[in-house]
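Everything numeric in this text was worked out from a predicted model, so none of it was measured. If you read the sequence from its start, that first residue is 1, and numbering goes on from there.
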Amino acid sequence: MKPRTPIDLPRVLRGTASALRCLGAIAVLVIATGCASGPKANPADPFEPFNRGVTRFNDVVDDAVLVPAATAYRRVLPSFVRTGVNNFFGNLSDVWSFANSVLQLKLEHSAQTFMRVNVNTVFGLGGLLDIATEAGIDRHSEDFGQTLGRWGVPSGPYVVLPLLGSSTVRDTAALTIDRQGDLLNQIHDVPWRNSLYFLRVIDTRANFLRASQLLDNAALDKYTFTRDAYLQRRKNEVHDGDLPNEGN
């Protein structure tokens with residue numbers, strides 16, 4: 001049984017041109033902000049002053065909007081409902097992970113993700129129940145940024161995006177393709193689509209409330225800790241934990 005996916009592959013491929021334009025725009029931004037970098041700039045983060053400014057903006061939005069909404073979400077909804085919501089969005093993301101596993105020629109990951117989508121969709125009430133994990137079928141999260149990295153595209157400098165947070169030049173360029181592969185983007189009813197987008201953001205933020213509190217209390221420099229953790233995690237994801245000695 002094949003997973004039913006409404007992904008428009010030709011539309012996804014056409015998005016590559018948009019991604020390249022996005023990459024060019026980022027390059028211009030990088031050059032424009034390069035003068036703000038000091039001689040002691042981290043080689044992976046040559047635009048740290050700019051990134052720190054965006055981080056401060058994101059923190060204000062997070063404290064004013066996302067944290068209160070996520071806190072209320074956890075208090076109002078029982079844990080089994082939140083788990084169902086998280087499972088549902090995880091099942092949707094598995095469809096795009098499957099497509100990227102195929103593009104990366106990861107046959108074992110592709111087969112496991114294919115089985116996850118089918119098992120959770122058919123037997124897990126459309127993904128509300130994560131039957132696949134209970135059955136020992138591992139989740140392999142893949143996105144187009146990882147696909148580009150798999151085929152040798154370097155990550156480029158670290159970038160902090162407004163509202164979206166940590167990224168790199170490569171991952172930012174890949175966002176256009178990832179958006180086309182997002183099943184929520186296939187919903188044509190705008191109010192429903194936006195409501196689901198917001199619910200997913202709040203659900204994701206609610207899952208990291210405790211971790212962010214620990215980070216605020218423990219990290220001497222939250223920005224540096226977040227940057228280094230993100231870059232290390234992305235490198236691990238691209239190489240599946242088998243890190244090369246050099247490069248990205």
Side-chain angles (χ1 to χ4, degrees), residues 3-7 55-100 112-113 115-143 160-167 175 178-219 222 225-226 229-230 233 237:
R4 298 178 180 179
T5 70
I7 294 177
T55 297
R56 286 192 293 270
F57 168 77
N58 290 345
D59 287 343
V60 170
V61 175
D62 186 57
D63 292 339
V65 179
L66 297 183
V67 170
T71 301
Y73 175 79
R74 288 187 64 88
R75 289 177 178 173
V76 172
L77 295 182
S79 61
F80 75 89
V81 175
R82 299 197 307 271
T83 299
V85 171
N86 189 259
N87 289 341
F88 174 76
F89 288 123
N91 191 50
L92 294 183
S93 69
D94 282 341
V95 176
W96 186 230
S97 292
F98 168 74
N100 279 283
Q112 290 178 340
T113 305
M115 288 298 299
R116 280 190 62 87
V117 173
N118 279 279
V119 168
N120 284 339
T121 301
V122 176
F123 300 106
L125 304 178
L128 294 176
L129 303 177
D130 190 359
I131 304 298
T133 296
E134 296 180 5
I137 305 175
D138 294 333
R139 166 168 282 148
H140 303 283
S141 297
E142 304 285 350
D143 55 51
V160 180
L161 302 176
L163 302 180
L164 298 179
S166 296
S167 186
L175 287 176
D178 284 327
R179 178 172 172 79
Q180 297 301 321
D182 185 351
L183 291 187
L184 292 187
N185 193 50
Q186 312 302 321
I187 300 176
H188 300 295
D189 188 301
V190 175
W192 265 106
R193 182 179 65 212
N194 290 343
S195 297
L196 288 173
Y197 273 136
F198 183 73
L199 177 60
R200 183 170 64 182
V201 169
I202 297 304
D203 177 70
T204 300
R205 187 63 184 89
N207 291 332
F208 290 100
L209 278 175
R210 183 172 300 177
S212 63
Q213 292 170 355
L214 293 174
L215 177 59
D216 290 337
N217 295 331
K222 181 180 176 181
F225 182 90
T226 301
Y230 175 82
R233 177 175 65 83
E237 289 173 343

**Message:** Which residue is it: Asp138, Asn91, Asp130? I am looking for the one with a side chain to side chain contact (heavy atoms under 4.5 Å, CB included) to Arg116.
**Reply:** Asp130
Test item: [X] and [Y] side chains (from C-beta on) under 4.5 Å apart, heavy atoms:
| X | Y | answer |
| --- | --- | --- |
| Thr226 | Val160 | no |
| Arg200 | Tyr197 | yes |
| Asp59 | Lys222 | yes |
| Phe89 | Leu92 | yes |

**Message:** Just to verify, which of Asp182, Asp178, Asp143 counts as forming a side-chain hydrogen bond (donor to acceptor under 3.5 Å, both in side chains) with Trp96?
**Reply:** Asp178
**Prompt:** Restricting to pairs with a member in residues 61-75, which pass side-chain hydrogen bond (donor to acceptor under 3.5 Å, both in side chains), not counting sequence neighbours?
**Reply:** Asp62-Arg205, Tyr73-Asp203
Nearest heavy atoms of [X] and [Y], plus distance in Å:
| X | Y | result |
| --- | --- | --- |
| Tyr230 | Ser167 | OH-CA, 3.4 Å |
| Ile187 | Arg193 | O-NH1, 2.9 Å |
| Ser141 | Ser97 | CA-OG, 3.6 Å |

**Residues in side chain to side chain contact (heavy atoms under 4.5 Å, CB included) contact with Ser93, at least two apart in sequence or another chain** =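 With neighbours one apart ignored, the set is empty.
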**Item:** side chain to side chain contact (heavy atoms under 4.5 Å, CB included) partners for Val201, two or more places apart
**Value:** Leu66
**Item:** Qualifying residues under salt bridge (Lys or Arg N to Asp or Glu O under 4.0 Å), relative to Arg139, sequence neighbours excluded
**Value:** Asp94
**Message:** Just to verify, what does Arg233 make a salt bridge (Lys or Arg N to Asp or Glu O under 4.0 Å) with, not counting sequence neighbours?
**Reply:**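 Glu237.
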Any side-chain to backbone donor/acceptor pair from [X] onto [Y]? Under 3.5 Å, distance only.
| X | Y | value |
| --- | --- | --- |
| Arg82 | Leu77 | yes |
| Asn58 | Pro162 | no |
| Ser212 | Leu209 | yes |
| Asn120 | Ile131 | yes |
| Gln186 | Gln180 | yes |

**Asked** Which ring pair (Phe, Tyr, Trp, His ring centres under 6.0 Å) pairs, counting each pair once, include a residue from residues 116-137, with sequence neighbours left out?
**Response**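 Residue pairs passing ring pair (Phe, Tyr, Trp, His ring centres under 6.0 Å), neighbours aside: none found.
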**Request:** Could you tell me the separation between the OG1 atom of Thr121 and the CG atom of Leu129, rounded to the nearest 0.5 Å?
**Result:**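 These two atoms lie 11.5 Å from each other.
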**Message:** Can you tell me how far apart CG (Leu199) and CG (Asn86) are? Round to the nearest 0.5 Å.
**Reply:** 10.0 Å
